[in-house]
Amino acid sequence: MNNFSDLRVNGDWIISLRGDKNKVDPVKPYGYLVEKERTISGKVEDTAVIFLTNSECQFQCLMCDLWKNTTDEPVPPGSIPGQIRWALNRLPSVKHLKLYNSGSFFDKMAIPEIDYKPIASLTEDFETLIVESHPRLINQACLRFKSMLKPELQVAIGLETIHPEVLPLLNKKMNLEDFEKAVHFLKDHGISTRAFVLLKPPFLTESEGVYWAQRSIDFAFECGVECCAVIPTRPGNGAMDYLLGEGRFSVPSVDALGEVLEYGIQSGAGRVFADVWDIEKFSDCKKCIDQKKNRLTEMNLSQKIVSRILCEYCGK
Ligand SMILES: [Zn+2]
């Protein structure tokens with residue numbers, strides 16, 4: 001682990017390093033797609049994902065780049081249901097839906113509660129609905145939303161890392177107790193949780209990155225989450241590029257991601273996924289990256305270990 005005692009990570013500093021936002025339109029989501037996911041029942045099924053255009057999150061996390069596709073002002077009531085309708089009209093009919101809003105679904109400045117009912121009615125044909133939230137924004141509003149829903153609700157919460165020194169430096173303004181409390185509260189009310197775990201946040205070496213991702217998966221399952229998604233930490237938001245230049249962050253490798261995924265699946269505590277989006281950025285070798293990506297995808301979908309690939313070009 002490298003020294004960071006001189007570093008004053010706070011929201012102003014993180015914001016000062018940012019580049020420009022992308023141009024977004026509050027009547028349309030900024031993205032939508034269909035991906036395959038292994039469901040709780042063990043079947044591999046299509047899941048629609050809608051990336052809602054929303055106002056910027058109230059937290060400025062060190063590693064986050066989701067602010068790029070946000071509005072400066074809160075979006076008006078009706079905007080989020082309108083965006084969901086817009087995307088559903090263009091998506092094939094599938095059973096599972098993820099609504100990601102570049103922040104917290106239960107942040108009232110992001111999605112006003114008056115929108116819950118129309119969102120519930122738009123999503124009534126789905127079996128599963130997944131939304132994301134900061135653990136400190138998990139409260140009675142989640143239960144009011146759940147009570148309107150037909151699909152099973154799952155809330156995705158960023159645990160990020162349980163490293164005692166790195167977690168506070170992420171400026172997420174949460175501690176492990178907040179995470180545990182949120183998971184317990186949701187579980188007590190019949191709502192399952194998926195944890196986002198960062199692979200190799202800044203300040204850690206590759207092997208420390210693997211170690212702490214594994215410990216973070218253990219902690220998440222001990223708290224009672226149903227599923228973990230491991231996300232390789234990436235540059236691109238300004239602050240992370242600064243740390244990269246300073247040698248305090250380096251990009252994790254696809255092999256480290258494979259190692260953490262193997263560990264998670266072998267733990268048998270619940271579904272564990274590796275985020276393979278943009279995975280090419282996590283390898284220097286063009287010869288084996290496609291095979292390695294396919295292997296991770298196969299493991300995501302089967303939740304079984306697939307033999308490692310040894311590349312004769314890069315030796316990894
Ligand atoms: Zn290779």
Side-chain angles (χ1 to χ4, degrees), residues 1-2 31 33-38 44 46-47 49 62-66 68 158-161 163 166 194-218 220 227-268 270-316:
M1 181 161 182
N2 56 53
L33 54 86
V34 174
E35 63 184 11
K36 293 216 178 294
E37 189 168 281
R38 189 184 173 93
V44 173
D46 285 336
T47 302
V49 191
L62 180 62
M63 66 294 176
C64 181
D65 60 4
L66 296 168
K68 285 183 181 176
L159 168 61
E160 321 302 353
T161 181
H163 191 292
V166 175
R194 103 170 28 202
F196 292 134
V197 168
L198 279 181
L199 171 62
K200 203 181 173 192
F203 318 111
L204 300 184
T205 64
E206 183 92 342
S207 60
E208 289 168 335
V210 169
Y211 175 85
W212 286 100
Q214 294 172 341
R215 297 295 77 72
S216 302
I217 290 173
D218 292 341
C227 159
C228 284
V230 184
I231 301 173
T233 311
R234 66 190 77 229
N237 72 347
M240 294 299 296
D241 304 81
Y242 172 83
L243 295 173
L244 187 70
E246 294 277 297
R248 297 168 195 249
F249 164 65
S250 58
V251 174
S253 71
V254 64
D255 302 303
L257 183 59
E259 206 178 323
V260 174
L261 180 61
E262 282 174 19
Y263 175 85
I265 290 173
Q266 269 163 346
S267 79
R271 293 180 294 163
V272 180
F273 301 124
D275 180 17
V276 296
W277 181 75
D278 235 4
I279 196 72
E280 298 74 20
K281 298 216 166 111
F282 301 94
S283 172
D284 295 327
C285 180
K286 299 254 178 298
K287 297 282 183 190
C288 59
I289 185 62
D290 288 345
Q291 276 176 285
K292 287 180 178 173
K293 181 182 182 177
N294 291 342
R295 171 176 181 259
L296 294 179
T297 305
E298 206 182 323
M299 283 167 56
N300 281 341
L301 298 180
S302 68
Q303 292 294 295
K304 291 195 174 83
I305 309 299
V306 176
S307 340
R308 288 188 186 185
I309 285 145
L310 181 60
C311 174
E312 55 184 274
Y313 294 92
C314 65
K316 285 187 223 156

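As the structure lists them, so they are numbered: ligands from 1, and atoms in each ligand from 1.
Using a 4.5 Å cut-off on side-chain heavy atoms (C-beta onward), Arg234 and Trp277 make contact. Counting heavy atoms from C-beta outward, Tyr263 and Glu259 have side chains that stay 4.5 Å or more apart. Side-chain contact between Val272 and Val197 is absent, with no heavy-atom pair separated by less than 4.5 Å.
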**Report entry** side-chain contact (heavy atoms from CB on, under 4.5 Å) between Trp212 and Val210, worked out
**Finding:** CA-CA 6 Å; Trp212 286 100; Val210 169; over 6 Å; no
Query - Test side-chain contact (heavy atoms from CB on, under 4.5 Å) applied to Arg194 and Phe273, step by step - result: CA-CA 10 Å; Arg194 103 170 28 202; Phe273 301 124; 4.1 Å; yes
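Counting only distances under 2.8 Å, and ignoring water, the protein N, O or S atoms around the Zn ion (ligand 1) are Cys285 SG, Cys288 SG, Cys311 SG, Cys314 SG.
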Less than 3.5 Å apart, which donor and acceptor atoms pair up between the side chains of residues 285-293 and the rest of the protein, not counting sequence neighbours?
| unit_1 | atom_1 | unit_2 | atom_2 | d |
| --- | --- | --- | --- | --- |
| Lys292 | NZ | Asp255 | OD1 | 3.0 |
| Lys292 | NZ | Lys316 | O | 3.1 |

